Amino acid sequence: MTLRIYNTLTRRTEDFQPLEPGRVTMYVCGPTVYGGAHVGHGMSSLVFDIVRRYLVYRGYEVRYAMNYTDVDDKIIQRAKQEGEPPLELAERYIEEYDQQLKALSVLPATVYPRATAEIPYIIDMVARLLEDDAAYVVDGDVYYRVEKDDDYGKLSGRRLEDMHAGARIDVDERKEHPMDFAVWKAAKPGEPAWDSPWGPGRPGWHIECSAMVFHHLGQQIDIHGGGNDLIFPHHENEIAQSESLTGKPFARYWMHNGLMQFSGEKMSRSLGNLISIKAFLEKHEPDVLRMMVLNSSYRHPLTYGDEIVEGAARGLERLRSGLRPALPGATGAPKTETAALAKLAEETRTRFIEAMDDDFNTAAVLGLLFELVRQINQVREVGATNEQMQGTQAVLFELSGVLGLRLKRQEKNLDAGLVLKIFDELRKEIDAEMSQEIRWPTAGGENGNTPQLIDMLLDIRDVLRAKKLWKLTDQIRDGLAKLGVLVEDSAGGSSWRWE
RNA sequence: GGCGACGUGGCCAAGUGGUAAGGCAAGGGUCUGCAAAACCCUCACCACGGGUUCGAAUCCCGUCGUCGCCUCCA
């Protein structure tokens with residue numbers, strides 16, 4: 001079986017074959033850091049995180065670079081407004097994005113190059129483009145000459161003539177062709193600038209990516225990714241300038257994710273219709289966004305909305321239900337049931353790989369995992385023990401992990417004092433006689449251990465339940481619910497989990 | 001105007017020639033003091049109109065609609 005990837009360059013799904021067997025080089029365009037990131041950026045990072053994780057799962061050694069564009073017009077403009085040095089502003093947002101990626105459990109890239117750290121390489125490339133006559137200098141700017149490139153437009157499927165006709169922007173008369181793009185921009189007074197043979201300036205947007213790829217990954221890479229809004233002109237231009245220099249195909253597989261839609265159009269900072277990652281994470285746990293991404297296909301647009309977020313959150317909860325322990329008092333499920341379960345687990349692993357190999361069909365994969373969850377829960381219902389379920393649960397956990405889902409609920413740091421308050425309230429309501437039957441927390445004993453205190457509270461609750469003292473029973477459950485602890489009763493006893 | 005993607009049940013969505021996975025929501029049931037969870041059951045003539053085929057959500061043509069790119073953008 002081979003992994004198959006849809007390649008924007010050929011518009012076909014192709015067998016994946018890296019340049020070097022067993023090793024993959026992968027470059028993804030990261031954000032321009034002139035402001036906070038929104039969930040669309042998160043989506044893109046998640047898509048390629050999933051790709052990367054799966055490649056690793058399939059045994060590849062992956063060298064992964066994600067860049068930060070830390071100098072450009074928007075950063076300069078924003079910095080001026082805020083009265084902050086542009087590079088400091090960029091640095092601030094890079095740190096913020098790093099944090100957010102970590103929160104979203106995006107694995108760290110092998111390298112995080114940034115434009116400003118690549119200036120010597122960029123200058124060298126511009127110089128070589130000029131030598132080759134592939135670029136020309138005008139007033140300190142350097143432009144790439146698109147007409148010199150006979151296959152310009154091959155990625156986006158455009159012809160220069162067509163674009164000429166539809167050019168919407170004012171044409172810069174100094175350029176030989178309207179589509180010529182800057183590889184070096186002369187600095188205006190007060191702008192960040194680096195010395196170059198053409199005068200002080202900074203890199204054009206596209207050249208930095210080529211330089212970073214060459215420098216960190218090599219002249220040819222296996223996978224180049226980004227949002228599909230980057231196909232033209234950004235990636236087209238990267239190809240043009242890179243291949244002019246090397247004469248070799250720049251990237252073998254071009255992968256583009258669909259864009260996040262919000263309020264009927266794409267979410268973007270320039271349109272201002274965005275949900276920031278920060279705002280999202282204040283309301284939802286990180287894996288909810290990952291679930292949204294997994295439930296759709298990465299190449300298609302993903303619409304952001306309350307109902308969809310809610311659905312993703314519930315789905316995540318459902319996956320977790322498969323990992324729950326045996327019911328209290330479980331005595332074992334019939335062999336036929338557990339044998340069928342073990343068989344399904346193995347089939348699921350096989351089908352998981354088939355689906356992921358098919359251009360990362362994560363939505364189909366989720367379907368497989370939900371099916372597995374249902375079967376696990378089924379055997380649990382008929383009394384399976386932890387031993388009987390653990391093999392299958394391990395498969396569920398493993399495959400979810402390949403998708404980057406953690407499933408294990410995060411332990412909360414709940415102040416033990418808040419739990420002790422519930423004990424205090426109970427004491428007031430329970431008479432001396434009954435109090436004898438109850439084990440109360442002792443000072444210096446369990447006091448600091450919140451989970452242990454909750455367990456004790458449930459023990460007390462069991463005593464109360466046996467006596468059918470529902471008011472007190474519910475008081476405990478409600479009290480814990482307010483602290484984010486969910487109590488669930490079943491025939492064999494009660495259990496609790498973090499909400 | 002040019003290039004491209006898409007239109008599957010209330011919502012998300014898989015499926016690209018053999019009579020529709022899965023999740024959420026909804027309704028019914030089991031369990032249960034109540035609640036929650038879990039389990040079981042129910043819920044689609046695949047935008048529309050033609051065509052090809054023994055057979056189409058899946059291929060072809062047309063219509064309508066939505067979105068992206070052509071300007072900075074994940």
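Note: hydrogens, waters and symmetry copies are ignored here, and every other heavy atom, side chains too, is used. Just so we're clear, the structure is a prediction, and the values are computed from it rather than from any experiment.
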Which base sits across from [N] as a Watson-Crick or G-U pair, both distances under 3.5 Å?
N       : value
rU16(B) : none
rC31(B) : none
rG68(B) : rC3(B)
rG9(B)  : none
rA26(B) : rU42(B)
rU52(B) : none
rA37(B) : none

Phosphate oxygens OP1/OP2 of [N]: is one of them under 4.0 Å from a side-chain N or O of [X]?
X         : N       : value
Arg465(A) : rG33(B) : no
Arg11(A)  : rA5(B)  : no
Arg159(A) : rG1(B)  : no
Asn377(A) : rC39(B) : yes
Lys471(A) : rG33(B) : no

Separation of [X] atom [atom1] from [N] atom [atom2], in whole Å?
X         : N       : atom1 : atom2 : result
Asn228(A) : rC70(B) : CG    : P     : 11 Å
Leu259(A) : rA74(B) : CG    : C1'   : 7 Å
Met179(A) : rG2(B)  : CE    : C1'   : 11 Å
Gln475(A) : rC34(B) : CD    : C1'   : 15 Å
Met260(A) : rG68(B) : CE    : P     : 14 Å
Lys74(A)  : rU71(B) : NZ    : P     : 14 Å
His235(A) : rC70(B) : NE2   : C1'   : 16 Å
Asn273(A) : rG68(B) : CG    : P     : 10 Å

Determine the contact category for [X]: base if any of its heavy atoms lies under 4.0 Å from a base atom, sugar-phosphate if only primed atoms, P, OP1 or OP2 are that close, otherwise nothing.
X         : result
Ser156(A) : sugar-phosphate
Arg158(A) : base
Lys468(A) : nothing
Arg477(A) : base
Gly30(A)  : sugar-phosphate
Arg78(A)  : nothing
Gly264(A) : sugar-phosphate
Glu265(A) : sugar-phosphate
Gln261(A) : sugar-phosphate

Taking the side chain of Asp489(A) as its heavy atoms from C-beta onward, which of rA35(B), rC70(B), rA37(B) lies nearest to it?
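The answer is rA35(B).
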Which one, rC69(B), rC72(B), rA36(B), comes nearest to the side chain of Asp229(A)?
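My answer, after comparing the listed nucleotides, is rC69(B).
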Verify the neighbour count for atom CZ of Arg351(A): are there more than 12 heavy atoms of other residues, nucleotides or ligands below 6.0 Å?
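No, not enclosed.
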Would [X] and [Y] count as having a side-chain donor-acceptor pair, cut-off 3.5 Å?
X         : Y         : result
Glu14(A)  : Thr10(A)  : yes
Asn237(A) : Tyr152(A) : yes
Gln241(A) : Ser210(A) : yes
Asn7(A)   : Thr13(A)  : no
Asp49(A)  : Tyr64(A)  : no

Looking only at atom [atom1], what distance separates [N] and [M], rounded to whole Å?
N       : M       : atom1 : result
rG9(B)  : rA26(B) : C1'   : 12 Å
rG29(B) : rA35(B) : P     : 13 Å
rC12(B) : rC54(B) : C1'   : 36 Å
rA44(B) : rC11(B) : C1'   : 14 Å
rC48(B) : rA56(B) : P     : 15 Å
rA14(B) : rU8(B)  : P     : 10 Å
rG17(B) : rA25(B) : C1'   : 33 Å
rC24(B) : rC40(B) : P     : 12 Å

For RNA chain B, whose closest nucleotide is more 5', that of Glu310(A) or that of Gln375(A)?
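That would be Glu310(A).
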If you assign Arg461(A) and Phe232(A) each to the RNA chain B nucleotide with the nearest heavy atom, which residue ends up on the more 5' nucleotide?
Arg461(A)
Pair [X] + [Y]: basic N to acidic O under 4.0 Å:
X         : Y         : answer
Arg114(A) : Glu118(A) : no
Glu285(A) : Arg320(A) : yes
Asp489(A) : Arg477(A) : yes

Spell out protein contact along nucleotides 9-22 of chain B as letters: B when the base is contacted, S when just the sugar-phosphate is, - when no protein heavy atom is under 4.0 Å; keep the 5' to 3' order.
-BSBSSS-----BB
Using the ring of Phe181(A) (Phe, Tyr or Trp, six-membered ring only), decide whether Lys175(A) places NZ or CZ under 6.0 Å from its centre and within 45 degrees of its axis.
no
Whether Arg12(A) engages the ring of Tyr6(A) as a cation-pi pair (distance to the six-membered ring centre under 6.0 angstrom, angle to the ring normal within 45°) should be assessed.
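No, a cation-pi geometry is absent between Arg12(A) and Tyr6(A).
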Does some side-chain heavy atom of Glu238(A) sit less than 4.5 Å from a side-chain heavy atom of His224(A)?
yes
Suppose we call a contact any N or O donor and acceptor under 3.5 Å apart; does that hold for the side chain of Asp474(A) and the base of rG33(B)?
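It does, because a donor-acceptor pair links the side chain of Asp474(A) to the base of rG33(B) below 3.5 Å.
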Taking the six-membered ring for Trp, are Trp498(A) and Trp496(A) parallel (under 30°), tilted (30 to 60°) or perpendicular (over 60°)?
perpendicular
Residue-level proximity of residues 32-49 of chain A to RNA chain B when a heavy atom falls under 4.0 Å:
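The stretch gives Thr32(A), His38(A), Gly40(A), His41(A), Ser44(A) as the residues lying under 4.0 Å from the strand, ordered by number.
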Run the ring pair (Phe, Tyr, Trp, His ring centres under 6.0 Å) test on His235(A) and His206(A) for me, step by step, so that the C-alpha distance in whole Å, both residues' side-chain angles and the decisive distance to 0.1 Å come before the verdict.
CA-CA 8 Å; His235(A) 289 162; His206(A) 318 295; 9.3 Å; no
